[in-house]
Amino acid sequence: MELITFYIFATISVVSSILVIGQRRPMTSVILLIVSFGGLSGLYVLLDAPFTAVTQIIIYAGAIMVLFLFVVMLLNAHTEDDSSGPLITPRGMKIGALLSAALAAEVVWALQQVGATTFPSEPGTAASISSVARIGSALFTTHAFAFEVTSILILVSLVGAVVIARKEH
Amino acid sequence: VVTLNHYLLLSGILFCIGTAGVFLRRNLITILLSIEIMLNAVNLTFVAGGRYLQTVDGQIITFFVMTVAAAEAAVGLALVIALFRHKETLNPDAFTLLKW
């Protein structure tokens, strides 16, 4: 049962990610990426990480992708310039596709060298890592410095985005 | 039964899809979307690793990666807007000012 659910979510995210790459219209790509994130958040639920699944939906699909949608609509650039030709033309791009395929083959080969590693399944382990209280207390004690640095990062990127996108006079 | 290898394999495949997008596409927005795919593939590895080691640190680093992704998307899209204003195109081959 768990295996079937895994394969359903994995297929959703892989197929929609491939379609993101294959689309000419950026708007469709963004919508398909949201579908892919939905599949990934299902996988997070399978991994006993409901907090991460919910933040995936709220932050990624809800905030970052809406930012992308705004920019796509603002630029009003519906398709790529050469919308009639094939998607992969120059030689450099073919080498790129080849390199990505080689990377995928390497990952598959390397994982086959390692034997199958099952997840620990003692009762109570799932509950301990899926607890939001655990995540919160670790975030604000052990990782408090990183958390504070993150707020500075957000502030810097906020100011930077405004300065970069501003119209010059 | 679903093993750790299933998740590692899935995230490896998703990462390769992301690199293929960066290599193949000539559209700045699609390239940024491919970077998001790669970041999500790595997030999946972190969460699966955290589940395997029975610690919440995997989910915490995923949280930080999401924050960095938000900052990256904001600055990257601001750059895309500024570039589009200059050249009226999203093709990265059009921006050759720094090319020797």
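Any value given below was found using the heavy atoms of this structure, including those in side chains, with hydrogens, waters and symmetry copies removed. Residue numbers begin at 1 in each chain, while the letters A, B, ... track the order of the sequences.
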Of the listed residues ([options]), which shares the most heavy-atom pairs with chain A below a 4.5 Å separation?
options	answer
B/Val75, B/Leu33, B/Asn43, B/Val68	B/Leu33
B/Ser34, B/Ala74, B/Gly12, B/Ser11	B/Ala74
B/Ala73, B/Gly76, B/Gly18	B/Ala73
B/Ala82, B/Ala20, B/Ala41, B/Gly58	B/Ala20
B/Thr67, B/Ile13, B/Leu83, B/Ile31	B/Thr67
B/Thr62, B/Ile29, B/Val80	B/Ile29

Is [X] close to chain B through its backbone or its side chain, or both, or neither, when contacts mean heavy atoms under 4.5 Å?
X	answer
A/Leu47	both
A/Ala63	neither
A/Ile64	side chain
A/Met65	side chain
A/Phe68	both
A/Gln56	both
A/Ile154	side chain

For the residue pair [X] and [Y], establish whether any side-chain heavy-atom pair is separated by less than 4.5 Å.
X	Y	answer
B/Ile37	A/Val20	yes
B/Met38	B/Ile17	no
B/Tyr7	B/Val2	yes
A/Leu3	B/His6	yes
B/Phe15	A/Leu103	yes
B/Asp57	B/Ile61	no
A/Thr52	B/Phe63	no

(request) With a 4.5 Å heavy-atom cut-off (strictly below), which parts of residues 28-36 of chain A touch chain B? List them by number. (result) A/Ser29, A/Val30, A/Leu33
(request) Return each pair, listed once, that meets ring-ring contact (aromatic ring centres under 6.0 Å, His included) where at least one residue sits in residues 25-50 of chain A; pairs must be two or more places apart or across chains. (result) A/Phe37-A/Tyr60
(request) Could you grab the distance from atom CG of A/Leu111 to atom OG1 of B/Thr3, nearest 0.5 Å is fine? (result) 9.0 Å
(message) Just verifying a value: how many Å separate B/Met66 CE and A/Ile59 CD1, rounded to the nearest 0.5 Å?
(response)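 Here the rounded value is 6.0 Å.
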(request) Please report the shortest heavy-atom distance between A/Ile12 and A/Gly39, naming the atom on each side. (result) CG2-CA, 4.2 Å
(request) Measure across A/Ala53 and A/Ser41 and return the closest heavy-atom pair with its distance rounded to 0.1 Å. (result)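 For A/Ala53 and A/Ser41, the tightest heavy-atom pair comes out as CB-O, 3.3 Å.
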(message) If you count heavy atoms of other groups shown closer than 6.0 angstrom to CZ of A/Arg166, is the number above 12?
(response)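 Result for CZ/A/Arg166: open.
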(request) Evaluate whether atom CZ of B/Phe64 has more than 12 neighbouring non-hydrogen atoms of other residues, nucleotides or ligands under 6.0 angstrom away. (result) yes
(message) For B/Thr19, which atoms come within 4.5 Å of any heavy atom of chain A: side chain, backbone, both, or neither?
(response)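 Both parts, heavy atoms under 4.5 Å.
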(request) Counting only heavy atoms closer than 4.5 Å, note whether B/Leu32 contacts chain A via side chain, backbone, both or neither. (result) both
For chain B, find which of [options] contributes the most heavy-atom pairs closer than 4.5 angstrom.
options	value
A/Leu153, A/Val107, A/Leu46, A/Val71	A/Val71
A/Ala138, A/Ser100, A/Ala10	A/Ser100
A/Tyr7, A/Phe70, A/Phe51, A/Phe147	A/Phe147

(message) I'd like to know if the side chain of B/Arg25 and the backbone of A/Gln23 have a donor-acceptor N/O pair within less than 3.5 Å.
(response) yes
